[in-house]
2 protein chains.
Amino acid sequence: MSLQMALLTLISSGGPRSGYDLNRDFEGILKFVWHAKPTQVYPELRRLAAEGLIREQAEGSRGRRPYEITEEGLRVLRDWLTTTSADHSQRNETVLRSFALWLVHPEEAQAFLREEMEYHRARLRGMRATKKGLDPGRPADRAALLGVEAGIRRLEAMVSWAEWAIDTVADWPADTGDALSGSGAG
Amino acid sequence: MSLQMALLTLISSGGPRSGYDLNRDFEGILKFVWHAKPTQVYPELRRLAAEGLIREQAEGSRGRRPYEITEEGLRVLRDWLTTTSADHSQRNETVLRSFALWLVHPEEAQAFLREEMEYHRARLRGMRATKKGLDPGRPADRAALLGVEAGIRRLEAMVSWAEWAIDTVADWPADTGDALSGSGAG
DNA sequence: AAGTGCATGTAACCGGTTACATGATTCT
DNA sequence: AGAATCATGTAACCGGTTACATGCACTT
């Protein structure tokens, strides 16, 4: 359901877009918002076209199939925004793993946290670069700036959390033997 | 895959737990980390037991089936933590929707953002209450505190973002007619 | 001419959701 | 006695991933 809305949002905001363009968006600006593999995107575009929510334009070079949104597609998008409420279910493997960190040696826990810190710092740099590429003069970009700002703030939260967590784990008492018996790096 | 690890983490950290207990955890402390419906949890527990990663204890009152983690389960959990890296793919419908907000009237955009702000504030209160219930003297709770702190920081980021976004939308130029033609509340 | 990146797809499988079903225990 | 909550499950379906397949265009 929401994949359709994600595709309609991208197509409506970024002008005519092909499956390839959309896949790049999922890897770029939408990385922390929505994701889908190419094998899911292409059939879904066909379905949206069959439902009349998007329209295929003339085939471009290299077999590109650019789509544009239809009036009906816009209507459906607006309807979704105004009459349904957002699903808040989430999955975050970084945080899931942190719940289990008492089972490994502090050095291993810190190694994990450092890796996560670096990852989120890198993504944060990417997000800030993306932000610079947006034009506040364009209505669609103004909305995109809202989304990008959310991404930046969430990434900043993760980076500062990881920094704090590394310090916190350093202060954990040794717990000689019990939780870590049988652990690899013993 | 990660559902198994989520279940092992909960069972290892919280003492013997039944499917019902675990479902409550998914609705509570793990709400923003991992989620699974009861219909997925019960068969998965049977599978974990068949694989020898958890062990069923004596059936309790009301048909409760409490499980405890086995040595093999602990080994698998530690192995997952130390030899594989975290999947960072995410989906966040709140932020996805914000990318499309230029398509609706500013009042509708703000109504959405206000709703999200309230939702995240409420969840933040819940997370802070959860934090108070944890005992830093217990190793498992110390790790849980890392996870809960991540949740709090992410929720704080979302609340402050929503506040900022409401103000930002208020300053958007009117864009008389173009993007909003055909929109419901015209 | 070979290698890389562009660009789209199919089929099989698995993870996850929805709808449905059952019965015991506690509370009012 | 009836309602609410505890507690576990099955079956069908759908959304999403993995593995595989194809061919063109641009660069070196």
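Below, read A as the first sequence line, B as the second, and so on, with proteins coming before strands; counting in each chain starts at 1.
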For [X] and [N], give me the distance from atom [atom1] to atom [atom2], rounded to whole Å.
{"X": "A/Arg24", "N": "C/dA7", "atom1": "CZ", "atom2": "C1'", "value": "11 Å"}
{"X": "A/Met5", "N": "D/dG15", "atom1": "CE", "atom2": "C1'", "value": "14 Å"}
{"X": "B/Leu45", "N": "D/dT10", "atom1": "CG", "atom2": "P", "value": "12 Å"}
{"X": "A/Glu44", "N": "C/dT10", "atom1": "CD", "atom2": "P", "value": "13 Å"}
{"X": "A/Glu59", "N": "D/dC24", "atom1": "CD", "atom2": "P", "value": "12 Å"}
{"X": "B/Tyr42", "N": "D/dT8", "atom1": "OH", "atom2": "C1'", "value": "5 Å"}
{"X": "A/Asn23", "N": "C/dC6", "atom1": "CG", "atom2": "C1'", "value": "12 Å"}
{"X": "A/Gln57", "N": "C/dA7", "atom1": "CD", "atom2": "C1'", "value": "16 Å"}

(request) Determine, step by step, whether A/Glu156 and A/Arg153 satisfy the salt bridge (charged side-chain N to carboxylate O under 4.0 Å, His left out) criterion, reporting the C-alpha distance in whole Å, the side-chain angles of both residues, the deciding distance to 0.1 Å, and the verdict. (result) CA-CA 5 Å; A/Glu156 285 171 345; A/Arg153 290 179 187 227; over 6 Å; no
(message) Across nucleotides 16-28 of chain C, 5' to 3', mark each nucleotide with B, S or - according to how protein heavy atoms within less than 4.0 Å reach it.
(response) SBBB-----BS--
(request) Please check if any side-chain donor atom of B/Gln57 sits under 3.5 Å from a side-chain acceptor atom of B/Arg64, or the reverse. (result)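 Result is no, nothing qualifies.
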Using 4.0 Å as the upper bound for N to carboxylate O, is an ion pair formed by [Y] and [X]?
{"X": "A/Glu27", "Y": "A/Lys31", "result": "yes"}
{"X": "A/Arg24", "Y": "A/Asp21", "result": "yes"}
{"X": "B/Arg91", "Y": "A/Asp87", "result": "no"}
{"X": "B/Asp135", "Y": "B/Arg142", "result": "no"}

Measure all distances between protein nitrogen or oxygen atoms and nitrogen or oxygen atoms of nucleotides 12-14 of chain C, and list the pairs falling under 3.5 Å.
none

(request) Using the test side chain to side chain donor-acceptor pair (under 3.5 Å), find all partners of B/Thr82 that sit at least two apart in sequence or belong to another chain. (result)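 Here no residue qualifies.
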(request) May I ask you to check if A/Arg75 and A/Trp80 form a cation-pi contact, with NZ or CZ under 6.0 angstrom from the six-membered ring centre and within 45° of the axis? (result)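 Output no; distance or angle outside limits.
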(request) On the 0 to 90° scale, with breaks at 30° and 60°, tag the B/His88-A/Tyr119 ring pair as parallel, tilted or perpendicular. (result)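 Geometry flag for A/Tyr119 against B/His88: parallel rings.
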